[in-house]
K.L.:
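Before anything else, here's the structure in question.
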Amino acid sequence: MNSEHPNIKIDVEPRPDGVVLAHVSGEVDALTEPVLRDCVDQQLRSSRHFVLDLDAVRFLSASGLAALLDIKRRASRGGLRWSLVAAGHAVRRPLQATGLDQQLPVYPTVGKALAAVSPVVPWTVAG
Amino acid sequence: MGDPESTLTEEAELVDQVELRLGAQLEHLSVVRAVAAHIAMGADFDIDAIADLKLAVDEVCTDLIVRAVPGSAMDCVFRLSPDRIEACVRVTSHNDDLPKRDSFGWTVLTTLTDSVSTRLESVDGHYVIQVDIAKNRTATT
């Protein structure tokens with residue numbers, strides 16, 4: 001499943017363990033941030049744990065930061081585990097400068113971010 | 001706190017000034033960001049300060065674009081001095097609502113810059129809203 005907009009691209013990769021890995025690339029600003037929200041909405045609705053890989057994001061705006069805080073609130077309310085990958089300066093700097101790196105589940109690599117949300121014990125399949 | 005109407009130093013100021021006029025539309029945000037980043041790079045700001053200025057300018061423009069009269073213009077002026085870059089952004093609005101100081105965006109703005117101020121002017125039944133920000137050159141990287 002892909003969401004597209006000229007300035008943002010999100011490739012959604014469902015993994016065998018049920019975790020969804022979403023690779024976001026491009027720019028997250030007021031124009032494209034709704035695309036990110038839509039993508040996360042789908043994961044929240046289907047109650048899937050997810051990882052947002054922001055490694056290929058070239059710009060993260062204040063509205064993008066606000067969206068991440070909103071995702072944190074909603075994931076917590078829905079009892080979902082999530083994490084985000086922030087390796088590049090374009091994403092790390094705004095997170096650090098605003099102190100949000102201390103409030104959000106930020107990891108330097110996809111591997112570590114996946115490990116943080118992947119089930120450590122077998123989960124019973126609902127339904 | 002410079003007087004914008006001052007003409008005495010106008011020529012000298014223009015040397016280190018970049019003015020941008022574009023439609024007040026979110027589609028143009030990436031252009032303004034690119035210009036802000038380019039100016040900061042040219043002024044030899046460090047990588048963090050460049051990113052901070054880019055984000056701050058983006059937030060100011062985003063906030064003003066949503067307040068602007070549809071189809072109107074947004075004016076951005078960047079001024080470079082030895083120790084700082086100033087960005088002044090203005091739009092025309094139907095309302096006299098200034099950017100909200102208790103918003104998340106405003107908090108980000110004040111965190112990333114060294115000064116933020118707003119100005120409101122009533123012109124011919126409209127309002128001109130202006131936001132001025134400044135980013136100081138950091139001593140070390």
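As a basis for the values below, the full set of heavy atoms in this structure was taken, side chains included, without hydrogen atoms, waters or symmetry mates. Chain letters run A, B, ... following the sequence lines, proteins first, then strands; residues in each count from 1. Predicted model only: the values in this text are computed from it and were never measured.
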K.L.:
Please rank A:N7, A:L100, A:L65 by heavy-atom pairs under 4.5 Å with chain B and give me the top one.
P.N.:
A:L65
K.L.:
Quick check on the hydrophobic clustering: are B:I50 and B:L80 connected, directly or via other members, by side-chain heavy-atom contacts under 4.5 Å?
P.N.:
yes
K.L.:
Which value, rounded to the nearest 0.5 Å, describes the distance between B:K54 atom NZ and A:R93 atom CZ?
P.N.:
13.5 Å
K.L.:
Does any backbone or side-chain atom of B:E27 lie under 4.5 Å from a heavy atom of chain A? Answer side chain, backbone, both or neither.
P.N.:
both
K.L.:
Among the clusters formed by ILVMFWY side chains lying less than 4.5 Å apart, do B:V31 and B:I133 turn up in the same one?
P.N.:
yes
K.L.:
Verify side-chain contact (heavy atoms from CB on, under 4.5 Å) between A:Q96 and B:D48, making sure each step is shown before the conclusion.
P.N.:
CA-CA 10 Å; A:Q96 275 169 1; B:D48 286 345; 5.7 Å; no
K.L.:
Between A:V19 and A:W82, is there a shared hydrophobic cluster once you connect ILVMFWY residues whose side-chain heavy atoms come closer than 4.5 Å?
P.N.:
no
K.L.:
So for atom CG, which belongs to B:D83, do other residues, nucleotides or ligands contribute more than 12 heavy atoms lying within a distance under 6.0 Å?
P.N.:
yes
K.L.:
Would you mind reporting whether A:E27 and B:S30 have side-chain heavy atoms less than 4.5 Å apart?
P.N.:
yes
K.L.:
Could you look at B:L112 and say if it's the side chain, the backbone, both or neither that has a heavy atom under 4.5 Å from chain A?
P.N.:
side chain
K.L.:
Would you say B:L29 and B:V69 are hydrophobically clustered, going by side-chain heavy atoms of ILVMFWY under 4.5 Å?
P.N.:
no
K.L.:
List the steps, then state whether side-chain contact (heavy atoms from CB on, under 4.5 Å) holds for A:D29 with B:D58.
P.N.:
CA-CA 8 Å; A:D29 63 8; B:D58 175 85; 4.2 Å; yes
K.L.:
Could you report the tightest heavy-atom contact between A:A30 and B:L26, atom names first, then the distance?
P.N.:
CB-CD2, 4.0 Å
K.L.:
Nearest heavy-atom pair of A:H89 and B:A51: which atoms, and what distance?
P.N.:
CE1-CB, 3.8 Å
K.L.:
Which value, rounded to the nearest 0.5 Å, describes the distance between B:L55 atom CG and A:F59 atom CZ?
P.N.:
5.0 Å
K.L.:
Same cluster or not: B:V128 versus B:I65, using hydrophobic residues (I, L, V, M, F, W, Y) connected whenever any side-chain heavy atoms lie under 4.5 Å apart?
P.N.:
no
